[in-house]
Asks: 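Handing you a structure now.
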There are 2 protein chains.
Amino acid sequence: MTKEVSKIADKISQVQTTLAVINGKWKLPILLSMYSGISRFRDLQRNIPNITTRVLSKELKDLEASKLILRVVHDTHPISIEYKLTTYSFTLTPVVDEMIKWGKQHSKGNL
Amino acid sequence: MTKEVSKIADKISQVQTTLAVINGKWKLPILLSMYSGISRFRDLQRNIPNITTRVLSKELKDLEASKLILRVVHDTHPISIEYKLTTYSFTLTPVVDEMIKWGKQHSKGNL
DNA sequence: CCGAATCCAATATGATACTG
DNA sequence: CAGTATCATATTGGATTCGG
């Protein structure tokens, strides 16, 4: 066998890498809203229950720093700003989908 | 079409359910260590880089409250304590596996 | 409308020491 | 070995206000 399972330490490091990117309550909900086509600040805020402007603002910056979204300024009157998903952001969909599945099962009277 | 995609609000709620269970830097690393067969406090602490006793203790309690692990007291001399995975905990492996995959790709010079 | 700025509370994480 | 206690810092989340 040349192919072997990853060492546990590697796996831990890899999940922690992922956790560091999708960290917190809000980044995945924001990405989900954006996957559904929403691209503007106020629309995101209306779409995501209980998120405040401060948190949304900070999280959008984090997502931009992680190269998952792009902030595009349109020179209209007044200026409008669009948040766009990068192609890279779509590599996260398998993770998100599994989390949706699990959340659905979990809330469905298990335990 | 009777079959339709989940509404976005449902998806958000479901990921948030999942996030609430696996939240923080440590719960998945702990589960990973336990998946690999480690079951005792000191062994977990040695196996998970940089975790402190305080954090490990708290996280184990959280995991127990979430029914992902069980705390078993063996009446030996001295008393030994074993943390066991529940069958329920294994429903999380698809999520964890996707996160490992993504973390591996992400750290591998993407962007 | 799109946020930034400010202030504050709550939680998470960390370092260290100590107990049974 | 298996934690608890204490203290400190960092990060997150929330409320409100303000400016372009």
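All values below come from the heavy atoms of this structure, side chains included, with hydrogens, waters and symmetry mates left out. Letters A, B, ... mirror the listed sequences (proteins, then strands); counts begin at 1.
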Asks: Side chains of N23(A) and K27(A): any donor to acceptor distance under 3.5 Å?
Replies: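 No donor-acceptor contact under 3.5 Å links the two side chains.
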Asks: Enter the distance from L70(B):CG to K67(B):NZ here, rounded to the nearest 0.5 Å.
Replies: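 So the CG of L70(B) and the NZ of K67(B) are separated by 8.5 Å.
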Asks: Drop me the distance from I12(A)'s CD1 to W26(B)'s CH2, to the nearest 0.5 angstrom.
Replies: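 The distance works out to 9.0 Å.
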Asks: Which whole-number value in Å describes the distance from E64(A) CD to dA4(C) C1'?
Replies: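 Distance, rounded to whole Å: 15 Å.
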Asks: Taking donor-acceptor contacts at under 3.5 Å, does the side chain of R40(B) reach the base of dG3(D)?
Replies: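 There is none.
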Asks: At under 4.0 Å between heavy atoms, how does the protein contact nucleotides 15-20 of chain D? Give one character per nucleotide, 5' to 3', with B, S or -.
Replies: BB----
Asks: If you round to the nearest 0.5 Å, how far is CG of L56(B) from NZ of K61(B)?
Replies: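 Those atoms lie 11.0 Å apart.
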Asks: Grab the CG-C1' distance between D75(A) and dC2(C) for me, whole Å please.
Replies: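 In whole Å, dC2(C) C1' and D75(A) CG are 15 Å from each other.
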Asks: Would one find a side-chain N or O of R71(B) under 4.0 angstrom from OP1 or OP2 of dA2(D)?
Replies: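 No.
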Asks: Say you draw a straight line from OG1 of T18(A) to CD of Q105(B); how long is it, rounded to the nearest 0.5 Å?
Replies: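 Here the interatomic distance stands at 10.5 Å.
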Asks: Working note: F41(A) + T53(A), criterion side-chain contact (heavy atoms from CB on, under 4.5 Å); need CA distance, chi angles, decisive distance, verdict.
Replies: CA-CA 9 Å; F41(A) 193 94; T53(A) 61; 4.2 Å; yes
Asks: Can you pull out the residues from residues 17-33 of chain B that lie within a 4.0 Å heavy-atom distance of DNA chain C?
Replies: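 Residues of residues 17-33 of chain B that come under 4.0 Å of DNA chain C are, in numerical order, G24(B), K25(B), W26(B).
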Asks: Hey, does the side chain of S39(A) reach the backbone of Y83(A) with a donor-acceptor pair shorter than 3.5 angstrom?
Replies: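 Here the side-chain-to-backbone pair does not exist.
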Asks: Atom OH of Y83(B) and atom C1' of dC1(D): how far apart are they, to the nearest Å?
Replies: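 Those two atoms, OH and C1', are 11 Å apart.
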Asks: Salt bridge between D62(A) and K58(A), side-chain N to carboxylate O under 4.0 Å?
Replies: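 Yes.
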Asks: What is the distance, rounded to the nearest whole Å, between atom NE2 of H77(B) and atom P of dG20(C)?
Replies: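 Computing the H77(B):NE2 to dG20(C):P distance gives 19 Å.
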Asks: Could you give the CG-to-C1' distance, from D43(B) to dG3(D), as a whole number of Å?
Replies: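 Checked: the CG to C1' distance equals 14 Å.
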Asks: Rounding to an integer number of Å, can you tell me how far E82(B) CD sits from dA2(D) P?
Replies: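 Rounded to whole Å, this separation is 10 Å.
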Asks: Closer than 4.0 Å, any side-chain N/O of K61(B) to the OP1 or OP2 of dT4(D)?
Replies: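 Yes, within the criterion.
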Asks: Identify which nucleotide among dT4(D), dA4(C), dG14(D) has an atom closest to any side-chain atom of V55(A), counting heavy atoms from C-beta outward.
Replies: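 The nucleotide sitting nearest to the side chain is dG14(D).
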Asks: Take the protein atom CG of L63(A) and the nucleotide atom P of dG3(C), then report the distance between them rounded to whole Å.
Replies: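 Nearest whole value for this atom pair: 13 Å.
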Asks: Hey, which sits more toward the 5' end of DNA chain C by its nearest nucleotide, R42(B) or K58(B)?
Replies: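 Looking at DNA chain C, the more 5' nearest nucleotide goes with K58(B).
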Asks: At what distance, to the nearest 0.5 angstrom, does CD1 of I30(B) lie from OH of Y35(B)?
Replies: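 OH of Y35(B) is found 12.0 Å from CD1 of I30(B).
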Asks: What integer distance in Å separates I51(B):CD1 from dA2(D):C1'?
Replies: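 About 14 Å, once rounded to whole Å.
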